[in-house]
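Okay, structure first, notes after.
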There are 2 protein chains.
Amino acid sequence: MSELNVFDKNFLLLLHLAKNCGLDRSCRLSTLKLSNEFGGSQQTISRKLRELEEAGLIERFPYSSGMELVITSLAKKYLKTYLNQIQRLFDEPELIGSIVGKVRSGLGEGAYYVSLSQYMKQFREKLGFTPFSGTLNLEVNEVEFQKILLNLTPVKIDGFKTRKRTFGSINCYRVKIKNYNRAVLMIPKRSVHKGNVVELIAPDVLRDELNLEDGDELKIDF
Amino acid sequence: MSELNVFDKNFLLLLHLAKNCGLDRSCRLSTLKLSNEFGGSQQTISRKLRELEEAGLIERFPYSSGMELVITSLAKKYLKTYLNQIQRLFDEPELIGSIVGKVRSGLGEGAYYVSLSQYMKQFREKLGFTPFSGTLNLEVNEVEFQKILLNLTPVKIDGFKTRKRTFGSINCYRVKIKNYNRAVLMIPKRSVHKGNVVELIAPDVLRDELNLEDGDELKIDF
DNA sequence: ATTACTAAATTCCGAGTAA
DNA sequence: TTTACTCGGAATTTAGTAA
């Protein structure tokens with residue numbers, strides 16, 4: 001982390017100072033007081049304050065028993081960018097859309113296809129996990145569902161041929177269900193289902209993980 | 001800073017990860033990719049990720065060319081507390097009140113009192129600066145002004161006696177004017193002014209620093 | 001390709017102390 | 001009392017590799 005600037009390196013200390021002084025006022029403190037409050041030795045605080053001052057992030061004015069300290073507008077600007085960065089994380093749920101479906105029991109075809117090694121290998125490679133060889137079937141509103149898919153880029157699992165038959169490609173979409181975020185929705189090019197039934201795979205058994213029974217309503221976030 | 005926890009120590013890395021992955025999704029990356037993006041060596045990133053994982057701040061799932069990474073709800077909670085801390089800094093201007101006054105030229109009495117060594121010594125000790133031996137006179141609305149003072153704790157400059165006469169104590173209030181935050185408003189116990197005129201001192205010449213002329217309106221933040 | 005171990009290089013910290 | 005310097009030791013980083 002050699003390229004870290006003084007602000008980044010001392011972010012926590014500066015935050016502590018700002019909490020003490022406010023952003024628009026000066027406050028009086030000493031290196032010893034700070035070392036007790038913030039941690040570290042008096043010497044280390046002394047050095048860090050010198051670094052911060054040299055970088056133009058604080059201003060110090062000696063004072064008979066310590067110093068008067070001011071957070072500069074440069075430091076304020078830095079703090080603001082951090083604020084914005086973290087805020088953005090919480091502001092944007094990065095949710096393209098949600099859809100509610102009903103849990104249905106399948107006939108086990110999904111499980112068969114998923115377990116094929118040619119698919120399995122690609123799941124591991126492209127999704128980052130080995131799926132449980134079974135699927136969760138979900139009945140959804142086809143129109144709403146298609147609308148959401150238009151805004152998403154699928155992870156594509158290639159099809160393959162054997163001597164006996166051809167297996168189509170599968171479009172996969174990462175989804176989040178409650179707090180579980182490793183589920184993947186599969187849309188096979190040639191589906192055995194009508195358009196209103198979708199299948200989910202995951203590294204875990206979703207029925208157990210999410211405590212589901214047939215008929216349960218389930219919200220999926222894309 | 002030995003008492004820093006894993007989160008604090010790796011706050012910036014975790015923020016970087018969160019920006020990449022989002023708070024509710026997983027993302028795929030490798031230690032090499034991260035070391036290029038974030039800085040530091042592949043080895044250092046590897047170690048830090050292990051630390052973060054051990055502390056329950058991230059979860060990792062091996063993947064053929066790297067790993068799949070998830071920000072845990074614990075890390076989310078930490079990020080949220082930081083967000084709140086920084087937000088509070090910007091939310092609360094810590095402004096008790098403001099008042100607008102008009103710049104007036106004084107007769108130089110203020111300058112005389114300020115320059116007295118018995119006062120000057122205390123200014124240095126209690127305010128943290130050596131004031132310019134002159135004051136800026138400001139005409140204010142007395143009622144509004146008194147209302148604000150009620151909510152403030154003054155820095156008290158003690159009075160003293162000489163053989164010839166007695167000098168009263170002075171209440172001082174730190175104020176902010178535009179971006180200048182080292183000005184101090186003085187309220188002498190026995191003032192030569194009527195209650196609608198106040199005097200300001202500062203380590204710098206306020207008239208020059210703030211580019212002021214008689215009659216100018218000036219906003220003071222407490 | 002990866003991740004991660006070991007060991008050497010480097011950085012950082014803090015006790016002692018001067019000013 | 002302060003702040004800040006020196007310097008030895010601790011902690012961190014990274015190069016070289018193994019797996």
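Numbered from 1 within each chain, the chains take letters A, B, ... in sequence-line order. Computed from a prediction, not measured in an experiment: that's the story for all the values here.
- We find that CG of B/Leu29 is positioned 18 Å from P of C/dA1, with the value rounded to whole Å.
- As rounded to whole Å, 13 Å separates atom C1' of C/dT2 from atom CG of B/Leu49.
- Judged by the 6.0 Å and 45° rule, B/Lys161 forms no cation-pi pair with B/Phe167.
- A close approach under 4.0 Å does occur between a side-chain nitrogen or oxygen of B/Lys48 and OP1 or OP2 of D/dT13.
- In terms of position on DNA chain C, the residue among B/Lys33 and B/Arg50 whose nearest nucleotide sits closer to the 5' end is B/Lys33.
- Of all nucleotides present, only C/dA9 satisfies the Watson-Crick or G-U wobble test against D/dT12, with each distance under 3.5 Å.
- When the nucleotides D/dT14, C/dG14, C/dC13 are ranked by their closest atom to the side chain of B/Arg47, D/dT14 comes out on top.
- Among D/dA4, C/dT3, D/dT12, the nucleotide with an atom closest to any side-chain atom of B/Met67 is C/dT3.
- Not one side-chain nitrogen or oxygen of A/Ser41 sits closer than 4.0 Å to the OP1 or OP2 atom of C/dC13.
- Here OG1 of B/Thr81 is found 6.0 Å from CZ of B/Phe7. Values are rounded to the nearest 0.5 Å.
- Tested against B/Ser46 for a side chain to side chain donor-acceptor pair (under 3.5 Å), the candidates B/Arg50, B/Gln42, B/Lys48 yield a single pass: B/Arg50.
- Counting to the nearest Å, the P atom of D/dT3 and the CG atom of A/Leu32 are 8 Å from each other.
- In this structure, B/Ser46 reaches the bases: a heavy-atom distance under 4.0 Å links it to at least one base atom across the strands shown.
- Under the 6.0 Å distance and 45° angle rule, B/Arg182 counts as a cation-pi partner of A/Phe61.
- With rounding to whole Å, A/Arg60 atom CZ is found 12 Å from D/dT2 atom C1'.
- Comparing D/dT3, C/dT2, C/dC13 by their nearest atom to the side chain of A/Thr44 picks out C/dC13.
- Using a 4.0 Å cut-off, no side-chain N or O of A/Arg28 falls inside it from OP1 or OP2 of D/dT2.
- In this structure, CD of B/Glu51 is placed 13 Å from C1' of C/dA4, rounded to the nearest angstrom.
- For the pair B/Gln43 CD and C/dT2 P, the computed distance is 13 Å after rounding to whole Å.
- For the pair B/Ile45 CD1 and C/dT2 C1', the interatomic distance rounds to 15 Å; values are reported in whole Å.
- Residue A/Gln42 contributes atom CD, which lies 15 Å from atom P of C/dT17 at whole-angstrom precision.
- Atom CZ of A/Arg163 has 12 or fewer heavy atoms from other residues, nucleotides or ligands within 6.0 Å.
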